[in-house]
Number of protein chains: 2
Amino acid sequence: MQQASAEKYTKQRQAAIRAAASVFAEKGFHGACTKDIAERMGIKQGSLYYYFKSKEEALGEVCLFGIQDYVGHMATIADSNQPFEAKLIATITSHLSSYRERNEALKVYNDERLYLPKARRSRLKELGSGYRQRLERIFEEGRISGAVRQSVDCHFAAQAVIGMCNAWGDLIVRDPDLDLFTVIQKCTDLLINGFTKKTTTTT
Amino acid sequence: MQQASAEKYTKQRQAAIRAAASVFAEKGFHGACTKDIAERMGIKQGSLYYYFKSKEEALGEVCLFGIQDYVGHMATIADSNQPFEAKLIATITSHLSSYRERNEALKVYNDERLYLPKARRSRLKELGSGYRQRLERIFEEGRISGAVRQSVDCHFAAQAVIGMCNAWGDLIVRDPDLDLFTVIQKCTDLLINGFTKKTTTTT
DNA sequence: ATAATTTTCTATAGATCTATAGAATTCTTC
DNA sequence: GAAGAATTCTATAGATCTATAGAAAATTAT
């Protein structure tokens, strides 16, 4: 009668995950009720449990869906042979594109993932810290190759990029007319060159 | 018998607000229950309603408490006569200091304020957008005075600073041993000079 | 068409949570 | 130490929400 838990990604289950993402994004995990999610799918509350064993499982799936895309992307970027600036741009592009495409799930990942029980969070944590480590590594390599200033703290730099992307992601989500390409350009310029007037001295 | 709603800031009420901040920060608004808050104060659930008319009022007070400090600070900074860089440093210092001092309330403001009903949110919104506008103005003035590059988009720059401060705030909250002064230095350096190698040409 | 499988429905137990009322206690002030 | 005010307590109504069981409907395979 029940199969749920088996991680099949049928079209229906995708729809369930998206519905959950949408409701969680709007009302938060605890604020949302399973009835809302079911209704957004056009089914009744009880039927939702055909797709998820529990409300928490739904949250877990949404979070995973929210990040798996750009986290996967990061592995490719980090392992590529591009110079520092190209890697940075690729990172920002990937992150901001995700915001445009699956902003709801991403918001849920950012805001609600801590409400998951530890057991369910571990996989996410793995992915998240893999992302951060790779980004940090990019900065370290950039420093070695001379593209990044010596005084830059790689740990803080990575955190800064993530923070900025999330802040700009908000703008992107709020204003659907905002041109993604323009945003990416502005952002990378800011990060690479800083605010103040400088002149490049190509090393 | 009841006086609650009157906005008295007695010591007890401050304690109530801090207790609420602590619980909301940990469990989120909907995830927290009034019993948790009361227990953290050492009183029973029902007694909490002596201090707050409702759970929502508690959230509102916590959010206000979380930002009023550095929002107030911003007015002073913006109106002062310092040059651009000094204003930027003062902004970051104020923001990050707030994270160290009242991180719980600040986290609640960031994460939970959207769950407030519109009526109660308006005052917060006013404060928040005042902050943002002043910060944007600082960048505009900096551009006029020549301290900020022409290609910098002030709207995005302000958003970036806010996003970065919040991301760094996370680090500060997570690691209490982190020296605030060091963090502020690293952050401002990153913002002012960017990641890549440049040489200053003092205008 | 019949059987088997998948999906959805209804109804509900069991749990939890907010807000209130009114009594009981502690603190102030004269 | 008695009167009045402030604070906390107990008990509860009324509401809401999750998860489950088992019947019903829809879909697919034989």
Side-chain angles (χ1 to χ4, degrees), chain A residues 1-63 108 112 115-117 119-120, chain B residues 1-63 108 112 115-117 119-120:
Chain A
M1 189 218 237
Q2 222 113 315
Q3 47 93 241
S5 65
E7 301 199 6
K8 280 197 197 169
Y9 279 88
T10 64
K11 256 185 207 168
Q12 301 266 32
R13 191 150 204 264
Q14 276 266 342
I17 292 172
R18 284 181 186 277
S22 165
V23 175
F24 285 152
E26 190 180 322
K27 307 197 174 186
F29 175 64
H30 295 288
C33 59
T34 53
K35 194 184 172 202
D36 295 333
I37 300 172
E39 266 170 12
R40 194 148 315 191
M41 294 176 65
I43 62 177
K44 299 286 178 180
Q45 186 264 340
S47 306
L48 190 68
Y49 285 76
Y50 180 73
Y51 296 103
F52 303 113
K53 262 214 285 280
S54 67
K55 194 182 169 189
E56 258 168 13
E57 182 177 289
L59 176 60
E61 294 295 314
V62 169
C63 288
V108 172
E112 315 291 333
Y115 301 138
L116 286 170
R120 214 183 281 282
Chain B
M1 189 217 239
Q2 221 111 321
Q3 48 92 243
S5 65
E7 301 199 8
K8 279 197 200 170
Y9 278 90
T10 64
K11 257 185 206 168
Q12 302 266 32
R13 192 149 204 263
Q14 276 266 343
I17 293 172
R18 284 181 186 278
S22 165
V23 176
F24 286 151
E26 190 180 323
K27 308 198 173 183
F29 176 63
H30 295 289
C33 60
T34 52
K35 195 185 172 203
D36 296 333
I37 300 173
E39 266 170 11
R40 194 147 317 192
M41 293 177 65
I43 62 178
K44 300 286 177 180
Q45 186 263 340
S47 307
L48 190 69
Y49 285 77
Y50 180 72
Y51 295 104
F52 303 113
K53 264 215 282 282
S54 68
K55 195 183 169 189
E56 258 168 12
E57 182 178 287
L59 177 59
E61 294 294 315
V62 169
C63 289
V108 173
E112 315 291 335
Y115 301 138
L116 285 170
R120 214 184 280 282

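Below, chains carry the letters A, B, ... as their sequence lines are ordered, and counting in each starts from 1. From a predicted model like this one, the values you see are computed outputs, not experimental measurements.
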Round to the nearest Å and state the distance from A:K55 atom NZ to D:dT18 atom P. 4 Å
With the criterion being N/O to N/O and under 3.5 Å, what pairs connect the protein with nucleotides 9-12 of chain D, and how long is each?
from	atom 1	to	atom 2	distance (Å)
D:dC9	OP2	B:K44	N	2.5
D:dC9	OP2	B:S47	OG	3.0

Figure out the CD/P separation between A:E39 and D:dT16, and round it to whole Å. 14 Å
Starting from P on C:dG22, measure out to OH on B:Y50 and report it in whole angstrom. 18 Å
Interatomic distance, A:I43 atom CD1 to A:Q12 atom CD [nearest 0.5 angstrom]: 8.5 Å
Could you tell me the separation between the CG atom of A:D36 and the CD atom of A:E26, rounded to the nearest 0.5 Å? 8.0 Å
Between CD1 of B:I37 and C1' of C:dT18 the distance, given in whole Å, is 11 Å
Please report, rounded to the nearest Å, how far the P atom of C:dT6 is from the CZ atom of A:R13. 15 Å
Taking B:K55 for its side chain and B:A32 for its backbone only, find out whether a donor-acceptor pair lies under 3.5 Å. yes
Nearest-0.5 Å distance that lies between atom CD1 in B:I37 and atom CD1 in B:I17: 11.5 Å
Side-chain N or O of B:T34 less than 4.0 angstrom from OP1 or OP2 on C:dC17? no
Has B:K27 got its NZ or CZ under 6.0 Å from the middle of the six-membered ring of A:Y115, at an angle within 45 degrees of the ring axis? no
Walk me through whether B:R13 and B:E61 qualify under salt bridge (Lys or Arg N to Asp or Glu O under 4.0 Å). CA-CA 10 Å; B:R13 192 149 204 263; B:E61 294 294 315; 3.5 Å; yes
For A:Q12 and C:dT5, what is the distance between atoms CD and C1' respectively, to the nearest whole Å? 14 Å
Report which part of the nucleic acid B:A58 touches: base, sugar-phosphate, or nothing (heavy-atom distance under 4.0 Å, all strands). nothing
Side-chain atoms of B:Y51 come closest, of C:dT18, D:dT7, D:dC17, to D:dT7
Send over the distance from B:K11 NZ to D:dA6 P, rounded to a whole Å. 18 Å
Can you tell me how far C1' of D:dA21 sits from OH of A:Y49, to the nearest Å? 14 Å
